[in-house]
Amino acid sequence: MGNSAIVDLSFFRRDVLRVAPELVGKIIARDFGSGLVKRYRITEVEAYRGEEDLACHASKGRTARTEVMYHHGGKVYVYLIYGMYWMLNIVTGEEGCPSAVLIRGIEEVVGPGKVGRELGIDRSFYGRLLEPESLLWIEEDGCRCEVVSTPRIGVAYAGPFWANKPWRFVDKDHFTKFKS
DNA sequence: GCGTCGATCTAC
DNA sequence: TAGATCGACGCG
């Protein structure tokens, strides 16, 4: 990955259905300290959109957990699932419009639980802005990739109307590596 | 206070 | 195919 620029926070302050597919192919950068910065190409994401989306945590309303989803875009939303895995999300949209993008895959790391582990994500990241001071940010290097959309994974509980929405976005070149 | 279940992953 | 493992949420 050659020259790349930090993605401005205004990028995230748009409809999640525009932000999510555009995030595929961008780079997530993590500063581990001691001068170690790792960069990973984003290969798979999912969009969660508003209180009406029964697969979205904001469908439960504004709670301590979902609070940050109601903020303006560009912040980190993390939560622990199954008592073991930290799910990494990026808040999108304007203030008061709860939505977020779940990072499901980065290069060779397939699966949101493994993404959180690889990036060393924990609850301390909740609410941070995506900027170098937060040790986690997004970069753009002009790479353009073809994006394939499919239904979201693991949200059958939301009912077929929402579970069937094609709001999972995958880099086509990586698509064959993903099992459905 | 207590029971249920989850935007998952791994090992048996 | 079941077990790990715990916080959020709903009920009362």
Side-chain angles (χ1 to χ4, degrees), chain A residues 12 14-26 28 30 38 40-93 96-128 130 136 138 147-172 174-180:
Chain A
F12 304 101
R14 301 177 295 144
D15 191 301
V16 67
L17 293 181
R18 291 192 178 279
V19 176
E22 291 182 29
L23 264 176
V24 177
K26 288 194 168 40
I28 187 160
R30 171 76 163 99
K38 288 191 178 180
Y40 308 79
R41 183 85 55 191
I42 296 171
T43 55
E44 179 186 4
V45 303
E46 279 174 357
Y48 290 85
R49 188 173 186 267
E51 292 184 341
E52 70 274 16
D53 176 5
L54 295 183
C56 179
H57 289 162
S59 65
K60 303 287 186 186
R62 195 165 184 156
T63 68
R65 179 168 73 153
T66 64
E67 172 64 25
V68 76
M69 294 184 78
Y70 288 79
H71 294 193
H72 58 189
K75 290 187 179 181
V76 176
Y77 168 47
V78 292
Y79 65 93
L80 184 67
I81 190 158
Y82 298 109
M84 268 171 282
Y85 303 104
W86 288 99
M87 303 281 103
L88 173 60
N89 298 256
I90 298 175
V91 176
T92 62
C97 300
S99 56
V101 178
L102 170 66
I103 308 298
R104 291 191 56 91
I106 51 175
E107 291 173 325
E108 302 306 311
V109 182
V110 180
K114 291 193 278 188
V115 167
R117 190 175 57 189
E118 173 72 22
L119 293 175
I121 299 302
D122 60 32
R123 100 169 323 118
S124 73
F125 282 83
Y126 184 95
R128 293 193 201 179
L130 284 167
L136 188 69
I138 303 296
V147 177
V148 176
S149 64
T150 82
R152 295 174 291 186
I153 305 295
V155 296
Y157 64 85
F161 181 81
W162 294 104
N164 290 336
K165 294 281 187 190
W167 290 356
R168 170 175 175 247
F169 304 96
V170 185
D171 173 8
K172 190 178 182 184
H174 284 77
F175 187 65
T176 54
K177 297 178 185 172
F178 294 91
K179 304 171 213 169
S180 64

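Just the heavy atoms: all of them, side chains too, but no hydrogens, waters or symmetry mates, feed the values below. Order of the sequence lines fixes the chain letters, A, B, ..., with proteins taken first and strands second; residue numbering starts at 1 for each chain.
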Peer 1: Once you round it to whole Å, what is the distance between P of B:dC9 and NZ of A:K114?
Peer 2: 6 Å
Peer 1: Say you pick atom P in B:dG6 and the same atom in C:dA2; how far apart are they, in whole Å?
Peer 2: 16 Å
Peer 1: Does some side-chain heavy atom of A:R49 sit less than 4.5 Å from a side-chain heavy atom of A:L17?
Peer 2: yes
Peer 1: Among the nucleotides C:dT5, B:dA7, B:dT10, which one has an atom lying closest to any side-chain atom of A:M84?
Peer 2: C:dT5
Peer 1: Using the six-membered ring of A:F125, assess whether NZ or CZ of A:R128 lies under 6.0 Å from its centre and within 45 degrees of the ring axis.
Peer 2: yes
Peer 1: Nearest-Å distance, OH (A:Y79) to C1' (C:dC6)?
Peer 2: 14 Å
Peer 1: Out of A:I153, A:V155, A:L102, which residue meets the side chain to side chain contact (heavy atoms under 4.5 Å, CB included) rule with A:R168?
Peer 2: A:I153
Peer 1: Has A:T63 got a side-chain N or O lying under 4.0 Å from the OP1 or OP2 atom of C:dC9?
Peer 2: yes
Peer 1: How is A:G83 classified with respect to the nucleic acid when contacts are heavy atoms under 4.0 Å: base, sugar-phosphate, or nothing?
Peer 2: base
Peer 1: Please give, in whole Å, the distance from B:dA7 P to A:M69 CE?
Peer 2: 11 Å
Peer 1: Please examine the side chains of A:Y48 and A:W167, heavy atoms only from C-beta on, and report whether any two atoms are closer than 4.5 Å.
Peer 2: no
Peer 1: If we take the C1' atom in both C:dG3 and B:dC5, what is their distance in whole Å?
Peer 2: 15 Å
Peer 1: With both distances under 3.5 Å as the test, what is the Watson-Crick or G-U wobble partner of B:dG1?
Peer 2: C:dC11
Peer 1: Just how far, in rounded Å, is P of B:dG6 from NE2 of A:H57?
Peer 2: 10 Å
Peer 1: A:W86 has an atom CH2; how far is it from atom C1' of B:dA7, in whole Å?
Peer 2: 15 Å
Peer 1: Does the side chain of A:R117 get closer than 4.0 angstrom to OP1 or OP2 of B:dC9 through an N or O atom?
Peer 2: no
Peer 1: Can you measure A:L102 atom CG to B:dG6 atom P for me and round it to whole angstrom units?
Peer 2: 16 Å
Peer 1: State which residue, out of A:T92, A:D53, A:N89, A:D15, fulfils the side-chain hydrogen bond (donor to acceptor under 3.5 Å, both in side chains) condition with A:S99.
Peer 2: A:T92
Peer 1: Taking C:dT5 as the reference, what is the distance to B:dG3 when you measure between their C1' atoms (whole Å, please)?
Peer 2: 16 Å
Peer 1: Remember a base hit wins even if backbone is also touched, and classify A:R65 as base, sugar-phosphate or nothing at under 4.0 Å, heavy atoms.
Peer 2: sugar-phosphate
Peer 1: Rounded to the Å, how far apart are A:Y157 OH and C:dC9 C1'?
Peer 2: 13 Å
Peer 1: Need the pair for C:dC6. Rule: Watson-Crick or G-U wobble, both distances under 3.5 Å, any strand; none if unpaired.
Peer 2: B:dG6
Peer 1: State which of C:dG7, B:dA7, B:dT10 makes the closest approach to the side chain of A:R123.
Peer 2: C:dG7
Peer 1: B:dG6, B:dC9, C:dG10: which one has an atom nearest the side-chain heavy atoms of A:Y82?
Peer 2: B:dG6
Peer 1: If I take atom CG in residue A:L80 and atom P in nucleotide C:dC9, what distance separates them, rounded to the nearest angstrom?
Peer 2: 13 Å
